[in-house]
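Below, chains carry the letters A, B, ... as their sequence lines are ordered, and counting in each starts from 1. Small disclaimer: the values here were computed from a predicted structure and weren't measured. As a basis for the values below, the full set of heavy atoms in this structure was taken, side chains included, without hydrogen atoms, waters or symmetry mates.
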Amino acid sequence: MSGRSTFYVTTPIYYVNDVPHIGHAYTTLACDVLARFMRLDGRDVHFLTGTDEHGQKIETAAAAAGLAPQAYADKVSQSFRDLLGTMNYSPDNFIRTTEKRHYAACQALWEKLVAAGDIYLGKYAGWYSVRDETYFAEGETEVGPDKKRRAISTGAEVEWVEEPSYFFKLSAWSERLLALYEKNPRFIGPDSRRNEVMSFVRGGLQDLSVSRTSFSWGVPVPGDPKHIMYVWLDALTNYITECGYPDTGNPNWKYWPADLHMVGKDIIRFHCVFWPAFLMSAGLEPPKRVFAHGWWTIEGQRMSKSLGNGINPAELVNAYGLDPVRYFLLREVPFGNDGDFSRRALIGRLNADLANAYGNLCQRSLSIIAKSCGEQVPPKGAITDADTALLDRARRLLAIVRAELEEQSFHKALTSIWEVIADANRYVDAQAPWALAKTDPVRRDTVMWVLAETIRRVTLLVQPFMPDSTAKILDQLAIPADARTFAAFDRELESGTTLPKPQGVFPRFVEPAAAAD
RNA sequence: GGGCCCGUAGUUCAGUGGUUAGAACGAGCCGCUCAUAACGGUUAUGUCGCAGGUUCGAAUCCUGCCGGGCCUACCA
């Protein structure tokens, strides 16, 4: 192939006990933007998402639905696959843990852990609720006045149960994990999570139960098929299954180690502690970086099934449009922080940032060109200091955005881009091309060229965030398909190119009720 | 209980020792008229959670208090 540097980015594989909501959409969106950016920037990208389909919960849920586990998993997995189209995601593959190749990868990894001496047979003991069919940690239970111990969350009685289980010697890995974090400060992001993980590991690690005998929906342990692999060992392995593991001669093996595992903050431990320990034990490289983003609240309230306030991404897209939703999610909140999702905030962003600032900049500029410059890219005449100032700010944007996305600072990348959009709007007012039309049409043409060129640069950079809308704008600038990557970032607009009739790309959102007034 | 973090204009936040504490959105006023009644200019608002302390000087460092959040492992 080529010597292009690879970029492997993954979403968590989503557990099929829930239908997709805005939280899933958010994680995958962040990865999608990175994947698109890196592709435009010339990287050899592999972007993976998929579903996690094993475990007792699925076995139970399937039985309740009167379906075989596989049939149940097929159904819910499809709803996650549907989300790809709804949100315009661009994964290179959608992996499922029920694929044959994944069983092979899990079992191969298991055998490596055994060979490394990190697996032993022991007993898993804990407070088990027969009614809930699950174990509870000591702290999740309490002894009531009748001296009986119950699970706090469900109120069900629990009993002390022991079952045979294989264990992974996680306790032996504390020092090596800490060394990994020390040596690679970028391994966990943001920094607050890194501190959290490090203090957790410093506190000492217990061995991890990595098999169960209480259910059968999962990957059998090699040589002892009564045991099913712990679902997390199974799930995490998907990242290397995709690369062909255990066949390191597979063409996809070039993508390992992953550049980035994107995760929600709830599963950071699995990715930052268990996963690198498994990998290092098996003699594999850990991923380069794990980034944990925050949670969305909905109109100030925690998202929860019981409140029924989970947001269906498809409904959101129907109401406000796909690209505004994509933009809002990554612009509104510093990536890594928790944020609040509100209709008011979304509409504010849509109207202020998209319709008024960016959309109107395009429309007012392209309208003048269409009406007064003969529907073609106007000639670039003598360049003034004001022109150079604006053009330079737009030119510098690529390096800025690249650096921000390297740190997953989506909001900062967008802020930087929108500063130039604001500069461009100021420039229009300062240059007043409508006045120049009467006094100096040659200068007017140059001003319009500068604006078109600035819009071109800005729009190239917005592509990963809002692919559909930016494609329309680039069409209106008659940018050929092969001039839309960052390799063409410095290829200036050619004067004389015929332009199509401009059309607004980001209409203002008006409340349906208000529109009727 | 232990650990970590946060509390700054109406709102969201930036600012981690040094002149009169900033930005965006929202609000008022003025201007422009190319544009999606969009754009530009301008004004206003803050006991920087509270109380002490260190310092020539603190939103910024220390202590205590009040308020809020996160972590404290094997459902995922």
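Ring pair A:His293/A:Phe335 is tilted by interplanar angle, where 30° to 60° counts as tilted. Ring orientation note: the planes of A:Phe465 and A:Phe410 are nearly perpendicular, at an angle over 60° on the 30°/60° scale. Classified by interplanar angle (parallel below 30°, tilted 30° to 60°, perpendicular above 60°), the ring pair A:Phe80/A:Tyr14 is parallel.
In this structure B:rC65 sits in a base pair with B:rG49, meeting the Watson-Crick or G-U test at under 3.5 Å. Of all nucleotides present, none satisfies the Watson-Crick or G-U wobble test against B:rG57 with each distance under 3.5 Å. The nucleotide B:rC39 finds its pairing partner in B:rG31, both defining distances of the Watson-Crick or G-U wobble pair being shorter than 3.5 Å. Pair assignment for B:rG1: B:rU72, on the basis of Watson-Crick or G-U wobble contacts that are both within less than 3.5 Å. Base pairing annotation: B:rG17 forms no Watson-Crick or G-U wobble pair, as no partner gives both donor-acceptor distances under 3.5 Å.
Looking at which nucleotide of RNA chain B each of A:Ser209 and A:Asp429 is closest to, the 5′-most match is held by A:Asp429. Comparing A:Ala357 and A:Arg349 against RNA chain B, the residue whose closest nucleotide sits nearer the 5' end is A:Arg349.
Rounded to whole Å, atom C1' of B:rC75 lies 13 Å from atom CZ of A:Phe274. One can place CD1 of A:Ile13 at 15 Å from C1' of B:rC75, the figure rounded to the nearest angstrom. Between the P atom of B:rG3 and the CZ atom of A:Arg193 lies a distance of 19 Å, rounded to the nearest Å. A:Glu332 places its CD atom 16 Å from the P atom of B:rA24, with the value rounded to the nearest Å. Distance CD (A:Glu59) to C1' (B:rC75): 14 Å, rounded to an integer number of Å. Straight-line distance from the CE atom of A:Met448 to the P atom of B:rA35: 11 Å, rounded to whole Å. One atom, OH of A:Tyr124, and another, P of B:rA73, lie 12 Å apart when rounded to the nearest Å. Rounded to whole Å, the distance from CG on A:Asp323 to P on B:rU36 is 21 Å.
Distance noted for atom P between B:rG68 and B:rC56: 38 Å (whole Å). Rounded to the nearest Å, the gap between the C1' atom of B:rG3 and that of B:rG52 is 26 Å. Here, B:rG64 and B:rG2 have their P atoms 12 Å apart, quoted to the whole Å. Between the P atoms of B:rC13 and B:rU45, the separation comes to 23 Å (whole Å). Of the C1' atoms belonging to B:rG7 and B:rA51, the separation is 16 Å, rounded to the nearest Å. Between B:rG18 and B:rA59, the distance separating the two P atoms is 10 Å to the nearest Å. B:rA9 and B:rG22 have their C1' atoms separated by 10 Å, given to the nearest Å. Going from the P atom of B:rG17 to that of B:rU43 covers 30 Å, rounded to whole Å.
Here A:Phe200 lies in heavy-atom contact (under 4.0 Å) with a base. Nucleic acid contact for A:Gly55: none, since no nucleic acid atom lies under 4.0 Å from a heavy atom of the residue. Counting any heavy atom pair closer than 4.0 Å across all strands shown, A:Asp52 reaches sugar-phosphate atoms only and no base atom. No contact: A:Leu361 has no heavy atom under 4.0 Å from any strand. Residue-level contact check: A:Val505 touches the bases, meaning some heavy atom is under 4.0 Å from a base atom. Within the nucleic acid shown, A:Trp418 has no heavy atom closer than 4.0 Å to any nucleic acid atom. When heavy atoms are screened at a 4.0 angstrom cut-off, A:Gly204 is found touching base atoms of the nucleic acid.
The side chain of A:Arg444 contributes no N or O atom lying less than 4.0 Å from OP1 or OP2 of B:rC34. The side chain of A:Arg269 places no N or O atom within less than 4.0 Å of a non-bridging phosphate oxygen (OP1 or OP2) of B:rC71. Considering only side-chain N and O atoms, A:Lys412 lies nowhere under 4.0 angstrom from the phosphate OP1 or OP2 of B:rA14.
Listed candidates were B:rA35, B:rA73, B:rC75. Nearest to the side chain of A:Lys371 is B:rA35. When each of B:rU36, B:rA73, B:rC74 is scored by its nearest atom to the side-chain atoms of A:Phe506, the top-ranked nucleotide is B:rU36. In the set B:rC39, B:rU36, B:rG40, the nucleotide with an atom closest to the side chain of A:Arg426 is B:rG40. Checking B:rA73, B:rA35, B:rC70 against the side-chain heavy atoms of A:Gln363 singles out B:rA35 as nearest. Among the nucleotides B:rC34, B:rC75, B:rC74, the one closest to the side chain of A:Ser367 is B:rC34. Set against B:rA73, B:rA38, B:rA35, the side chain of A:Arg508 has B:rA38 as its closest nucleotide. Counting only heavy atoms from C-beta on, A:Trp434 has its side chain closest to B:rC32 among B:rC39, B:rA73, B:rC32.
Here the side chains of A:Ile298 and A:Ile22 are in contact, with some heavy-atom distance below 4.5 Å. At least one side-chain heavy atom of A:Leu180 sits under 4.5 Å from a side-chain heavy atom of A:Met280. Within the 4.5 Å cutoff, the side chain of A:Asp52 has no heavy atoms near those of the A:Arg96 side chain.
A pairwise comparison of heavy atoms in A:Ser281 and A:Asp118 identifies OG-OD2, 2.6 Å as the closest pair.
Proximity of a side-chain donor or acceptor of A:Ser409 to a complementary backbone N or O of A:Leu405 within less than 3.5 Å is not detected.
Contact of A:Asn360 with B:rA35 (side chain to base): a donor-acceptor pair of N or O atoms is detected under 3.5 Å. The base of B:rC74 lies close enough to the side chain of A:Gln206 for a donor and an acceptor atom to sit less than 3.5 Å apart.
The aromatic ring centroids of A:Phe168 and A:Phe274 lie 6.0 Å or more from each other.
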